[in-house]
Amino acid sequence: MFAEVIVDVAAYPIDRPFDYKIPELFEGFVEPGMRVKVPFGPRKVVGYVVDVKGESELAENKIKPLEELIDFDAILSPELLELSKWLAEDTLAYRIEALQVMLPAAMRAKYEKFIQVEQLDAITEPDFLTMLKGRDRVPLKYADSPILLKQLKAYVKSGAVQVDTLVKQQTAMKKVRMIHIVKAPILEELLNSLSKQAVKQRELVTWMIGHAGESIEAGKLLKDAGVSATVLKTLIDKGAAHEKKVEVYREPEVVQLRETAVPTRLTSYQQYAVDEVLHAFHKKQDTTFLLHGITGSGKTEVYLRTIEEVLSKGQEAIVLVPEISLTPQMTSRFKERFGDQVAVMHSALSAGEKYDEWRRIHRKEVKVVVGARSAIFAPFEKLGIIILDEEHESTYKQEDLPRYHARDVAIWRANYNGCPVVLGSATPALESYARASKGVYQLLELPKRAKEQALPTVNIVDMRAELQEGNRSMFSVSLAEAIRERLDRHEQTVLFLNKRGFSSFVLCRDCGTTIQCPNCDISLTYHRATENLKCHYCGHEERVPTICPECESEHIRFFGTGTQKAEEEIAKLFPEARVLRMDVDTTRQKGSHARLLQKFSEGQADILLGTQMIAKGLDFPNITLVGVLAADTTLHLADFRAAEKTFQLLTQVSGRAGRHDLAGEVFVQTYTPEHYAIELAKAQVYEPFYHMEMSSRKQFGYPPFFYIVNIQFSHEELMKVVDYAEKAARFLAEGLSPESVIIGPTASAISRVNNRYRYQCLIKYKKEPKLTETLQALIRFYRTDWIKDGLQLSVDKSPVVIY
DNA sequence: GCCTACGCCTAG
DNA sequence: TAGGCGTAGGCC
């Protein structure tokens with residue numbers, strides 16, 4: 001028997017299955033979806049079995065046997081193996097990348113090289129012997145000097161030592177020491193035999209008699225019995241107990257937020273949505289639903305009800321949320337409703353915790369997964385429903401290889417399993433709403449808030465007028481007044497700082513110079529904590545200059561507004577207010593995000609000040625005011641989705657106010673109050689915005705009227721990057737149909753990163769049967785030839801941002 | 001992607 | 001001519 005194996009080598013000529021002989025020992029045991037260790041050329045690598053067959057086309061002597069099984073049952077189902085094939089093709093990635101993206105990072109193999117001593121007596125060099133310290137196997141990295149490397153080379157040649165690769169599995173399994181205490185009679189006998197001086201031992205044995213026959217975790221035992229580890233060790237040696245390492249799951253910290261009541265009745269809109277989705281579920285139809293529900297309309301309740309039914313039929317559910325750590329409330333609702341049938345997968349978990357959650361799914365110990373993008377690959381085999389909450393979020397698209405969109409994978413899996421997909425949002429992506437309008441998706445509307453509360457009143461504040469009045473602060477008079485009122489009434493305020501593209505930078509007030517990164521074509525960002533300037537693209541760091549490098553003026557200082565600055569201003573304006581700041585700086589530590597939210601939910605603060613991360617999911621009854629400090633910042637980005645992003649953000653953040661009994665109010669500060677994205681966000685109406693934006697997209701030929709592919713080129717030399725980009729553009733023009741438009745090559749918005757010049761080509765097409773074929777041919781040129789000349793090329797289908 | 005064999009080159 | 005460096009081609 002032979003196994004077709006995809007090996008863990010990401011290279012163009014390797015991107016296909018390789019045949020290996022299955023040794024008799026493993027015969028009948030190897031199945032598709034298992035990982036194996038195989039010899040590949042002179043080294044050993046991990047591979048994924050994708051097929052098992054009786055015959056191989058290769059000559060017998062060309063086939064090596066596989067060496068070892070890493071798994072004893074398949075870790076990838078036939079569905080996921082099939083999916084990896086489609087994924088690799090669709091995203092133009094290697095098959096191995098597609099396979100690996102489906103598994104938790106802890107399962108990815110690490111390779112370590114070792115020096116293995118074969119003939120100890122042949123080694124005479126004192127340096128080399130010192131390095132070995134009497135061991136016959138040391139990591140290769142110990143040989144870290146030119147002398148040692150030279151000696152190593154000689155010894156390898158003579159056969160005295162060997163260098164081999166060890167495939168290291170990061171066995172992320174957590175084990176605890178369990179102490180099993182023996183039966184009482186044995187203990188009593190032992191007690192009698194102990195000498196009088198063995199006070200602590202007598203103490204522990206006496207304690208053990210009270211717990212005879214029990215198994216207790218070592219740490220707990222020591223604490224409860226009040227003895228030290230040495231005493232226990234001695235007694236284990238004397239036979240009073242046995243120790244065993246037992247595999248356990250880590251328990252991710254679950255922050256309990258104030259409970260949200262379970263509604264007893266659904267609104268008629270919710271009921272209709274539930275009925276429609278369940279109809280598709282029962283009929284095993286892979287319908288994609290677009291659940292368009294305004295903020296507070298109870299989309300989550302629709303998810304919960306449909307999942308309940310799916311579970312009752314013995315099937316499983318995947319729920320995707322944009323970045324789950326941002327919505328602890330969402331997870332607690334799922335945990336509340338489905339208890340320990342829920343696994344949670346989010347980026348704040350450690351690698352080990354992610355692995356544990358993955359195993360719980362794989363072993364069918366849970367039936368629901370709530371997680372971020374990668375949870376779409378949850379190894380379920382009886383999928384009954386897939387839900388994407390906030391489906392418009394750009395985090396569903398993976399930015400590095402394989403560049404998949406979770407929505408597309410969801411639809412693929414739904415199709416494979418014959419189950420419905422629900423895309424939920426208050427502000428659907430234009431693409432999705434357009435598909436719903438065309439009948440590709442089925443539209444479900446929730447136009448009313450669940451408890452019939454009114455939507456908050458949204459006030460637009462023209463900051464230009466404020467400036468004319470002489471108000472130079474970040475807070476308009478009306479917003480400041482509104483905050484003052486909340487403080488007096490002991491209600492809570494959320495202040496949102498739209499920070500993207502808005503980070504602080506250093507500017508000379510005299511000559512207008514900004515400090516640029518020496519490697520990249522972008523301004524450096526000011527970091528107050530370290531008093532440093534940092535480049536977000538290449539990591540370059542330098543001190544803040546005291547005089548302008550251009551004109552030597554001393555009037556050089558940081559400019560722009562960050563959360564820290566906002567916090568300072570709040571402290572000045574409202575010295576008595578208790579403020580919680582939530583941004584990358586305050587949430588870096590694990591779990592701090594949830595802790596901050598918990599504090600806020602318990603009323604330990606009056607004002608929550610934050611960036612993007614507070615825009616969604618917050619659902620606290622005492623929030624009655626939302627202030628958006630600067631609405632425009634996302635509006636002026638060089639991105640065709642700028643208006644859509646702004647509208648979505650404003651709608652989402654406004655939705656945080658007045659979700660319960662108290663009425664909400666929103667203040668949006670802007671320098672462009674007349675822009676339709678801002679005007680329509682004030683009115684909180686999606687459809688008119690959709691139509692406005694669609695006509696603009698149509699005019700400029702952007703999605704959803706055209707599909708887009710972005711091809712990025714980068715090279716250290718400007719001439720070469722232009723050259724290759726032009727070559728590629730010509731090639732694409734020849735290969736694609738004349739209806740498709742090729743724009744460029746043009747210099748990218750950030751034309752240099754890390755000392756590499758960047759160019760790009762955009763392909764716009766409506767229908768392009770030859771797309772995949774042509775792109776693959778282009779990639780073949782790149783991977784076989786251009787790459788050797790130092791070019792870097794990347795293809796991004798339906799990019800979410802174009803840099 | 002990594003390894004090696006094989007090419008070419010230089011010092012002696 | 002041995003040893004050093006660089007690069008093309010194979011990996012089952």
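What you see below is based on every heavy atom in this structure, not just the backbone, and it leaves out hydrogens, waters and symmetry mates. Numbers restart at 1 for each chain; the letters A, B, ... are given by sequence-line order, proteins then strands.
Contact annotation for A:Pro13: base contact, defined as any heavy-atom pair under 4.0 Å involving a base atom. Using a 4.0 Å heavy-atom distance criterion, A:Leu58 is classed as a base contact. Nucleic acid contact for A:Lys113: sugar-phosphate only, since backbone atoms but no base atoms lie under 4.0 Å from a heavy atom of the residue. Here A:Arg16 lies in heavy-atom contact (under 4.0 Å) with a base.
One atom, CD1 of A:Ile63, and another, P of C:dC12, lie 11 Å apart when rounded to the nearest Å. Put simply, CG on A:Asp15 is 12 Å from P on B:dG1, counting in whole angstrom units. Separating the OH atom of A:Tyr111 from the P atom of B:dG1 is a distance of 13 Å, rounded to the nearest angstrom. At whole-Å resolution of the value, CD1 in A:Ile6 and P in C:dC11 are 17 Å apart. Following rounding to the nearest Å, A:Phe40 (CZ) and B:dG1 (P) show an atom-to-atom distance of 13 Å. What separates NZ of A:Lys37 from C1' of C:dC11 is a distance of 18 Å, to the nearest Å. Atom CG in A:Asp785 sits about 14 Å away from atom C1' in C:dT7, given to the nearest Å.
Partners of A:Glu768 by salt bridge (charged side-chain N to carboxylate O under 4.0 Å, His left out), not counting sequence neighbours: none found.
A:Leu793 approaches A:Val795 most closely through the heavy-atom pair CD2-CG2, 3.8 Å.
Screening residues 33-85 of chain A for ring-ring contact (aromatic ring centres under 6.0 Å, His included) gives A:Phe18-A:Phe40 as the qualifying pairs, with residues at least two apart or on separate chains.
For an aromatic pair to be called close, the ring centres must be under 6.0 Å apart, and A:Phe706 with A:Phe640 fails this.
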